[in-house]
Amino acid sequence: MEMALDETKRGRLTKDGIRIYEPEDFAGMHTAGALASRILDEIAPSIVPGQTTAEIDRMITRMVEDAGAKSATIGYKGYQHASCISVNHVVCHGIPGPKLLKDGDILNVDVTVIVDGWFGDTSRMYVAGSLSRKAERLIQVTHDALIAGIAAVKPGNTFGDIGHAIQKYVESNRMSVVRDFCGHGLGRVFHAPPNVLHYGRAGTGAVLEEGMFFTIEPMVNLGRPETKVLADDWTAVTRDKSLSAQFEHSVGVTAEGCDIFTLSEAGKFHPTWG
Ligand code: MF3
Ligand code: CO
Ligand code: CO
């Protein structure tokens, strides 16, 4: 009798419990990541004042279905939407709803899809209408902090190196890194070890190895880092009501550095004003 192969348990685990995937697994992650990213490309023209976040989420739901994929978030711990949409002082896990976007709102849209069992998780910032200087700075710094974190991804570096690069960049711009939420391993599952902290000390934490798949998704506040979760049990907001931004990529460690699974083929990951 053969044991049924548990498809979620590919490759091997490190002593820190981090899964090491095989070279052939990168292709599945690229396909899933590309779909999540293309969805974020395609909603961009719809993010305008007067639009509701519920309608944006409906578009996303339809695109996931049309691609023959599955939403990872619908049904996840009771969550009922294909995206999280976090407006202004919402840090993450904003629930799509009937409220109208207004001129100057900034928002993060976070989409996770499952294609052939592989998870692609990415989020980016948008603006409805006109952008204030301070919001533009926040978005730019958050984007560049993610890129600084990704630049630290290579075998032999540690997860602390990633967090440190992000924190140093953000704080040198007099903004703060959210501590209450972190990135995560993913692959054949949505959330797996390790917790990918967006702050920390260089040289600490687990050592990166080729074949690790995880997200980096820093949340950055203009004010203080503290957050609280609203009574709906999902929506996380800044305690001081300051503006918050986030960008997220799913990446895989390669021999040389890393592959970004959720790149925008159309070059739209970063908003085009910059
Ligand atoms: N996509 C989010 C992440 O980056 C998780 C959202 S879970 C949900 O990890 F249930 F809120 F959708
Ligand atoms: Co994520
Ligand atoms: Co996400």
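None of the values given here were measured: they were computed from a predicted structure.
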Task: Connected via hydrophobic side-chain network under 4.5 Å: Leu146 and Val177 - done: yes

Open item on the list: Could you see if Ile106 belongs to whatever hydrophobic cluster contains Val170? Use Ile, Leu, Val, Met, Phe, Trp, Tyr and a side-chain cutoff under 4.5 Å.
Closed with: yes

- [ ] Only pairs at least two apart or in different chains count here, so list each salt bridge (Lys or Arg N to Asp or Glu O under 4.0 Å) that has a residue in residues 101-112.
- [x] Lys102-Asp105

TODO: Could you give me the CA-CA distance, side-chain angles and deciding distance for Val64 and Ile74, then say whether side-chain contact (heavy atoms from CB on, under 4.5 Å) is met?
DONE: CA-CA 11 Å; Val64 173; Ile74 296 174; over 6 Å; no

Open item on the list: Taking the side chain as everything from C-beta on, heavy atoms only, tell me whether Ile43 gets closer than 4.5 Å to Tyr126.
Closed with: yes

Open item on the list: If hydrophobic clusters are built from ILVMFWY residues whose side chains come within less than 4.5 Å, do Val87 and Val178 share one?
Closed with: no

Task: Contact check, side chains of Gln80 and Trp234, non-hydrogen atoms, under 4.5 Å - done: no

Open item on the list: Just by distance, no angles: are the side chains of Ser250 and Asp121 close enough, under 3.5 Å, to form a donor-acceptor pair?
Closed with: no

Scan the side chains in residues 204-213 for donor-acceptor partners under 3.5 Å anywhere in the protein, sequence neighbours excluded, and list what turns up.
residue, atom, partner, partner atom, Å
Thr204, OG1, Arg201, O, 2.7
Glu209, OE1, Arg12, NH2, 3.1

- [ ] Would you please say whether a donor-acceptor pair under 3.5 Å links the side chains of Thr238 and His89?
- [x] no

TODO: Please report the shortest heavy-atom distance between Pro225 and Ser176, naming the atom on each side.
DONE: N-OG, 3.3 Å

Open item on the list: By the definition ring-ring contact (aromatic ring centres under 6.0 Å, His included), identify the one residue from Phe214, Phe119, Tyr76 that meets it with His191.
Closed with: Tyr76

Open item on the list: Using the rule salt bridge (Lys or Arg N to Asp or Glu O under 4.0 Å), only one of Arg10, Arg19, Arg188 pairs with Asp25; which is it?
Closed with: Arg10

- [ ] Looking only at non-hydrogen atoms, find the nearest pair between Gly50 and Leu100 and report the distance.
- [x] O-CD2, 3.4 Å

- [ ] Take the angle between the ring planes of Phe247 and His143 and call it parallel below 30°, perpendicular above 60°, tilted in between.
- [x] perpendicular

Open item on the list: Does Asp16, at its CG atom, have more than 12 non-hydrogen atoms belonging to other residues, nucleotides or ligands within less than 6.0 Å?
Closed with: yes

Open item on the list: I'd like to know if Ile20 and Val253 are part of one continuous hydrophobic network [Ile/Leu/Val/Met/Phe/Trp/Tyr, side-chain heavy atoms within less than 4.5 Å].
Closed with: yes

TODO: Kindly indicate, with the supporting measurements, whether the criterion side-chain contact (heavy atoms from CB on, under 4.5 Å) is fulfilled by Leu40 and Thr122.
DONE: CA-CA 8 Å; Leu40 292 186; Thr122 182; 3.6 Å; yes

Task: Backbone N/O of Gly104 and side chain of Ser130: donor-acceptor pair under 3.5 Å - done: no

- [ ] Rounded to the nearest 0.5 Å, what's the gap from OG1 on Thr61 to CG on Asp66? Could you check?
- [x] 10.5 Å

Task: CD1-CD1 distance between Ile85 and Ile60, expressed to the nearest 0.5 angstrom - done: 5.0 Å

Open item on the list: So does Ala245 get a backbone contact from the side chain of Asn108, meaning a donor-acceptor N/O pair under 3.5 Å?
Closed with: no

- [ ] Determine yes or no for a side-chain-to-main-chain donor-acceptor pair under 3.5 angstrom, with Asn195 supplying the side chain and Leu197 the backbone.
- [x] no

Open item on the list: Taking Val90's backbone N and O only, do any of them form a donor-acceptor pair with Ser86's side chain (distance below 3.5 Å, no angle check)?
Closed with: no

- [ ] Run the ring-centre check on His81 versus Tyr79 and record whether the distance is less than 6.0 Å.
- [x] yes

TODO: Please report the C-alpha distance between Ser242 and Asn221 in whole Å, then the side-chain angles of each, then the deciding distance to 0.1 Å, and finally whether the side-chain hydrogen bond (donor to acceptor under 3.5 Å, both in side chains) criterion is met.
DONE: CA-CA 7 Å; Ser242 67; Asn221 299 346; 4.9 Å; no

Task: Heavy-atom side-chain proximity of Cys92 to Cys84 below 4.5 angstrom - done: no

Task: Nearest-0.5 Å distance, CG of residue Leu138 to CD of residue Gln246 - done: 11.5 Å

- [ ] Would you indicate whether the side-chain heavy atoms of Arg137 and Asn173 approach each other to under 4.5 Å?
- [x] yes

Open item on the list: Within the structure provided, determine whether Val109 and Ile47 are in side-chain contact (heavy-atom separation under 4.5 Å).
Closed with: yes

Task: Shortest non-hydrogen contact from Ser132 toward Ala135 - done: OG-N, 3.1 Å

- [ ] Specify the closest pair of heavy atoms between Ala36 and Gly120, including all atoms of both residues, with the distance to one decimal.
- [x] CB-O, 3.7 Å

Task: Aromatic plane relationship, Phe269 with His249 - under 30° parallel, 30 to 60° tilted, over 60° perpendicular - done: parallel

- [ ] Please determine, by modelled atom types, if Asp41 and Ser264 share a side-chain donor-acceptor pair under 3.5 angstrom.
- [x] yes

TODO: Starting from the C-alpha separation in whole Å, work towards a yes-or-no answer on side-chain contact (heavy atoms from CB on, under 4.5 Å) for Gln140 and Met125.
DONE: CA-CA 10 Å; Gln140 185 72 50; Met125 295 301 294; over 6 Å; no

Task: Side chains of Thr254 and Asp259, donor plus acceptor under 3.5 Å - done: no

Task: Gap separating the OH atom of Tyr169 from the OG1 atom of Thr142, nearest 0.5 angstrom - done: 9.5 Å

- [ ] Could you tell me the separation between the SG atom of Cys258 and the CD1 atom of Ile162, rounded to the nearest 0.5 Å?
- [x] 8.5 Å

Task: Close side-chain approach of Phe159 and Val196, heavy atoms under 4.5 Å - done: yes

TODO: Rounded to the nearest 0.5 Å, what's the gap from CD on Glu248 to OG1 on Thr112? Could you check?
DONE: 6.0 Å

Task: Side-chain heavy-atom pair Arg124, Lys268 within 4.5 angstrom cut-off - done: yes

Task: SB check Glu65 Arg62 (cutoff 4.0 Å) - done: no

TODO: Check whether more than 12 heavy atoms from other residues, nucleotides or ligands sit under 6.0 Å from atom CD of Glu265, and answer yes or no.
DONE: no

Task: Contact summary for Pro98 and Ala54, nearest pair of heavy atoms - done: N-CB, 4.3 Å

TODO: Flag yes if Met175 and Phe181 sit in one hydrophobic cluster, no otherwise; membership is Ile, Leu, Val, Met, Phe, Trp, Tyr, and two members link when side-chain heavy atoms are under 4.5 Å apart.
DONE: no

Open item on the list: Testing the basics here: between Ala69 and Ile114, what is the closest heavy-atom pair and its distance to 0.1 Å?
Closed with: CB-O, 3.5 Å

Task: Polar side chain donor-acceptor pair, Glu217 to His184, under 3.5 angstrom - done: yes

Task: Side-chain (Gln51) to main-chain (Leu101) donor-acceptor, under 3.5 angstrom - done: no

Task: Beyond-backbone contact of Leu263 with Ser37, side-chain heavy atoms, under 4.5 angstrom - done: no

